[in-house]
Amino acid sequence: MLNMINIPLTILADKKGFFDRECPNSNCRYSFKIKLDDWKEKVSDERVYCPRCGHVDKSDQWWTQDQIKKIEIITKEWVENEIARQLNKTFSRLNSSMRGSSPIRFQFSVQRNHPVLFHDNIIRQCKEWEKEIVCEKCGTQYSVTGSAFFCPCCGYNSVEQAFSDSIHRIDSVLNSLTAITASMGRDEAEDFRRYILERSLTDIISAFQFYASSLYHLLTGEEPRRNDFQKIDIGSKHFESACGKGYSAWLTSAELSFMTIQFQRRHCLEHCGGIVDQQYIDRSEDYSYTIGQRLVVKEHDVRGLLAIVQKLTNGLNQVKTDKENSPDGTGH
Ligand SMILES: [Zn+2]
Ligand SMILES: [Zn+2]
């Protein structure tokens, strides 16, 4: 008959108090850390969220590969030890029951390879990471590498966090562009540079679009049309009706015109291969190009857009904070 075996494990947090976890979704397997106390006290048994992909699973599904290996070793040692203990008991009982009545003696000795006491099976964590996040909604502390979107405890998706991660990533790529292209030939370096600058322009606008539509949804509860925030005037009007402030509350008209041009350039790069058409000129009012020309994305334009978009989102973040702090939650 099989009995349920209980092998006590002692989890030791890393130096900052975090516990390693890994997403069980085979498409993801993202590793993250969560404060051990939060894991014990706040996280539910039924629902844990992956910070990267949002996968939801029961709390016993999040062991890392490293932890699984350690647990396997501990289990094996425990079972071997237990079998040895049982055999010793059986043989000594057998010997004593046959004492004097039989010439046969059983000899059994167990090499105790693992003199560990099994109330001390320690699972240690990998080294601490730099980036720590505190969930705005439930206060759970977790630590991640790269971008993360969901709180492991409550699943809350921080729009500010996701946006600032994207902006930080784009900024790092721009900063390392010279170093990356240094070892390339002239043609290759030029093509690579162009590709990265066009990609960065697109990425900034995608990050902003995602941020603005998520924030609008948080403020109003309404689901905006996906592409509304690709257009400056429509996006601005949405916020004006939601919180009384359009983009001009934070940006000058020169900054708004610049932003409009860059947003239209992204549209032209995505949909027309960067070849200027009438629609581009009409919508951007960028008369520095004529129809049929190919757009050239300059680094200072990308950096300029990065700065303006950050300025705008700082303002919009404040609207959200004011709303959250106002007594009736309306911001008034
Ligand atoms: Zn995941
Ligand atoms: Zn949370």
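Whatever order the structure lists ligands and atoms in, that order sets their numbers, starting from 1.
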- With Lys16, the side-chain hydrogen bond (donor to acceptor under 3.5 Å, both in side chains) member among Glu128, Gln141, Glu132: Glu132

- Query: Which of these, Tyr216, Tyr211, Phe263, Phe210, sits in a ring pair (Phe, Tyr, Trp, His ring centres under 6.0 Å) with Phe229?
  - Reply: Tyr216

- Report the relative orientation of the aromatic rings in Phe239 and Tyr247; use parallel for angles under 30°, tilted for 30 to 60°, perpendicular for over 60°. tilted

- Item | Ile170, Leu306, Ile196 screened by side-chain contact (heavy atoms from CB on, under 4.5 Å) with Asp203, the one that passes | Ile170

- Item | Atoms named by residue and atom, protein N, O or S, within reach of the Zn ion (ligand 1) (under 2.8 Å) | Cys23 SG, Cys28 SG, Cys50 SG, Cys53 SG

- Which of these passes side-chain hydrogen bond (donor to acceptor under 3.5 Å, both in side chains) with Gln230: Arg266, Glu270, Gln264? Arg266

- Message: Could you measure the distance from the CG atom of Asn227 to the CD1 atom of Ile234? Nearest 0.5 Å is fine.
- Response: 9.5 Å

- With Asp20, the salt bridge (Lys or Arg N to Asp or Glu O under 4.0 Å) member among Lys127, Lys70, Lys33: Lys33

- Query: Between His55 and Trp62, how do the two ring planes meet: parallel, tilted or perpendicular, split at 30° and 60°?
  - Reply: tilted

- Task: Classify the angle between the aromatic ring planes of Tyr30 and Phe32 as parallel (below 30°), tilted (30 to 60°) or perpendicular (above 60°).
- Result: parallel

- Closer than 2.8 Å to the Zn ion (ligand 2) - protein N, O or S atoms, ordered by chain and residue number: Cys135 SG, Cys138 SG, Cys151 SG, Cys154 SG

